[in-house]
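Numbers restart at 1 for each chain; the letters A, B, ... are given by sequence-line order, proteins then strands.
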Amino acid sequence: MGITKLADLIRFHAPDAISHKEISDFTGKVIALDTSIVVNQFRAATPTLSPLTGLFFRTLTFLEHDIKPVFVFDGKPPEEKTAALEKRAEAASWKCPNLTGTASSQTKDCLHLLKLLGVPFIQAPGDAEALCAQLVREGTADAVASEDMDTLPFGANILIRQLNAKRDSEVVEYSLPKLLEKLQISQEEFVDLCILLGCDYCDKITGLGPKKALTLIQKHRTIENVVLHINRQTHPVPHFWKYKEARKIFLDAPQTVDPKLIWTEPDEEALVGFLCHVKYVKVERVRRRMERFRQTRESKREERERDKAAGRSRQTRMEDFFRVTRKREQPVEAADSSSSNRKRPKST
DNA sequence: ACTCTATCGTGAGACGAG
DNA sequence: CCTCGTCC
DNA sequence: ACCTCACGATAGAG
């Protein structure tokens, strides 16, 4: 389940590593997405709607913004993660978790849909989050879009959350370099911090939460040294603690197979055939959405040509202008404890 | 009395009509 | 703009 | 036929 309380820690101790943007700020960017998280969120949020439809709509919205998505699929989870998965399965009163990494029919449907949308996808050898981060590290992708914080200890410089198709939705960007700078720790020390906070790959020391863990890492730099300086009575170290294995998982990046990422035009007829005839989505919905997609694309293309003709320097100013006018008032509530005034921004 | 942590329950999307 | 019903 | 995650409230430990 990601890194426990890492989002809170950043918000409190390194707010400058967080910036608030909107979806159009990512025009032209290559963004890696953890597909299983996207799909599962759709499934959880809309039991009545197939995740395929959600994936269809959201992906088209990305493409309309000239965002280049690349979807990453989970492979076989690492050995260390099985404990966490089994625990989760038991909580859900459900028999045997999928530890094999074999693609479910759900996954195959997603692969097929993405192919028809002309969007590239990659099968990760292990955790999708790890490969997403690696794509950013090697420059193949500009950022990872995910809801959980795992990609930061995996080394992705930029993590984007709340990237969805909602109008006016606020996108939250986390900068790993800014975070490390502010906390005054290295990537290796940050990984140790995340292990202390609690990750999927090993146990944690009960009684150490975000405040204490951060202080201890800043003072002693490594888990080994931290262990030497805590009270063993009140904070017992887990038996057979696999923290070294967890550390290795975060720091040893999976090697990618130099993926040649190619985006092509969506195949509308094939999409109708698949979504409507195989999956029983209403033809009207698919057609209407594709119509809108084509129109949005066309107007964007015209806009770009106009910009080219008028010179480039003006274009950024125009975008800035629209951004300012369109942007809702977003008072940077850094140290505001009386945050009960939600819809009442005080007149400056 | 205070600060920090652990645990449990809960809610989460995107569209178009009006 | 907004609210609300529907999507499968 | 399954695979989530973060937030808020609350209770308990130090």
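Looking at the side chain of A:Phe57, the nearest of the listed nucleotides C:dC7, D:dC2, B:dA14 is B:dA14. Minimum atom distance to the side chain of A:Arg288 is reached by B:dG16, of the listed B:dG16, B:dG13, C:dC7. Distance from the side chain of A:Asn40 is smallest to D:dT4 among D:dT4, B:dG13, D:dC7. Set against B:dA6, D:dC2, B:dG13, the side chain of A:Ala45 has B:dG13 as its closest nucleotide. When the nucleotides C:dC8, B:dA14, B:dA6 are ranked by their closest atom to the side chain of A:Arg58, B:dA14 comes out on top. When distances run from any side-chain atom of A:Leu49 to the nucleotides B:dA6, C:dC7, D:dA6, the shortest one goes to C:dC7. When distances are taken from the side chain of A:Lys211 to each of D:dG14, C:dC7, B:dT5, the shortest belongs to B:dT5. Candidate nucleotides B:dA14, D:dC2, D:dC7 were compared by shortest atom distance to the side chain of A:Arg43, and D:dC2 ranks first. Checking D:dT4, D:dC2, B:dA14 against the side-chain heavy atoms of A:Ile37 singles out D:dT4 as nearest. Comparing B:dG13, B:dC4, D:dA6 by their closest approach to the side chain of A:Met149 singles out D:dA6.
For the pair A:Arg292 and B:dG16, the criterion of a side-chain N or O lying under 4.0 Å from OP1 or OP2 is met. For the OP1/OP2 pair of B:dG16 and a distance below 4.0 Å, the side-chain nitrogens and oxygens of A:Arg285 include no atom meeting the criterion. Taking 4.0 angstrom as the limit, A:Arg11 places a side-chain polar atom (N or O) nearer than this to OP1 or OP2 of D:dC7. A:Lys212 has no side-chain polar atom (N or O) that falls below the 4.0 Å cut-off from OP1 or OP2 of B:dT5.
C:dT3 and B:dA12 have their P atoms separated by 15 Å, given to the nearest Å. Taking atom P on both D:dT4 and B:dC15, the two are 25 Å apart, rounded to the nearest angstrom. When the C1' atom is used for both B:dA17 and D:dA1, the distance is 35 Å, rounded to whole Å. Rounded to whole Å, the separation between the P atoms of C:dC7 and B:dT10 comes to 28 Å. Using atom C1' as the reference point in both D:dC2 and B:dG16, the two lie 32 Å apart (nearest Å).
One can place CG of A:Leu163 at 10 Å from P of B:dA14, the figure rounded to the nearest angstrom. Separating the OH atom of A:Tyr280 from the C1' atom of C:dC8 is a distance of 12 Å, rounded to the nearest angstrom. Regarding A:Lys204, its NZ atom lies at a distance of 8 Å from the C1' atom of B:dT5, rounded to whole Å. What separates CZ of A:Phe12 from P of B:dC4 is a distance of 8 Å, to the nearest Å. Regarding A:Leu52, its CG atom lies at a distance of 15 Å from the C1' atom of B:dG13, rounded to whole Å. At whole-Å resolution of the value, NE2 in A:His235 and C1' in B:dT3 are 12 Å apart. With rounding to whole Å, A:Lys166 atom NZ is found 16 Å from B:dG16 atom P. Taking atom CD of residue A:Gln106 and atom P of nucleotide C:dC8, one finds them 15 Å apart after rounding to whole Å.
With the nearest nucleotide of DNA chain D identified for both A:Thr234 and A:Ala44, A:Ala44 has the one nearer the 5' end. Nearest-nucleotide assignment on DNA chain D puts the 5′-proximal partner with A:Ser36, out of A:Ser36 and A:Ala7.
Within 4.0 Å of A:Glu147, counting heavy atoms only, lie sugar-phosphate atoms of the nucleic acid but no base atom. In this structure, A:Val39 reaches neither bases nor backbone, as no heavy-atom distance under 4.0 Å exists between it and the strands shown. Residue contacts shown for A:Ala165 are limited to sugar-phosphate atoms, with no base heavy atom under 4.0 Å away. Heavy atoms of A:Gly207 sit under 4.0 angstrom from primed sugar atoms or phosphate atoms, though from no base atom. Within 4.0 Å of A:Thr48, counting heavy atoms only, lies at least one base atom of the nucleic acid. Here A:Lys5 lies out of heavy-atom contact (under 4.0 Å) with every strand.
Between A:His20 and A:Val171, the closest side-chain pair of non-hydrogen atoms is not below 4.5 Å.
Between A:Arg297 and A:Glu265 there is a salt bridge, since at least one side-chain N of the basic residue sits less than 4.0 Å from a carboxylate O of the acidic one. A:Asp8 and A:Lys5 are joined by a salt bridge, as a carboxylate oxygen and a charged side-chain nitrogen come within less than 4.0 angstrom of each other. With respect to A:Lys242 and A:Asp203, no salt bridge is recorded, no charged nitrogen being found less than 4.0 Å from a carboxylate O. The pair A:Glu298-A:Arg301 counts as a salt bridge, with a side-chain nitrogen and a carboxylate oxygen less than 4.0 angstrom apart. With salt bridges taken as basic N to acidic carboxylate O contacts below 4.0 Å, one links A:Glu268 and A:Arg294. In summary, A:Glu64 and A:Arg289 engage in a salt bridge, as defined by a charged side-chain N under 4.0 Å from a carboxylate O.
A distance of 4.0 Å separates CD1 in A:Ile37 from CG in A:Asp148, rounded to the nearest 0.5 Å.
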- Using Watson-Crick and G-U wobble pairs whose two distances are both under 3.5 Å, how do you write the pairing of DNA chain B as dot-bracket, with | for links to another strand? .|||||||||||||||||
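Figure legend: cation-pi geometry between A:Lys115 and A:Phe274 absent, as NZ or CZ is not positioned both under 6.0 Å from the six-membered ring centre and within 45° of its axis.
The side chain to side chain contact (heavy atoms under 4.5 Å, CB included) test applied to A:Ser186 returns A:Glu188, A:Glu189, not counting sequence neighbours.
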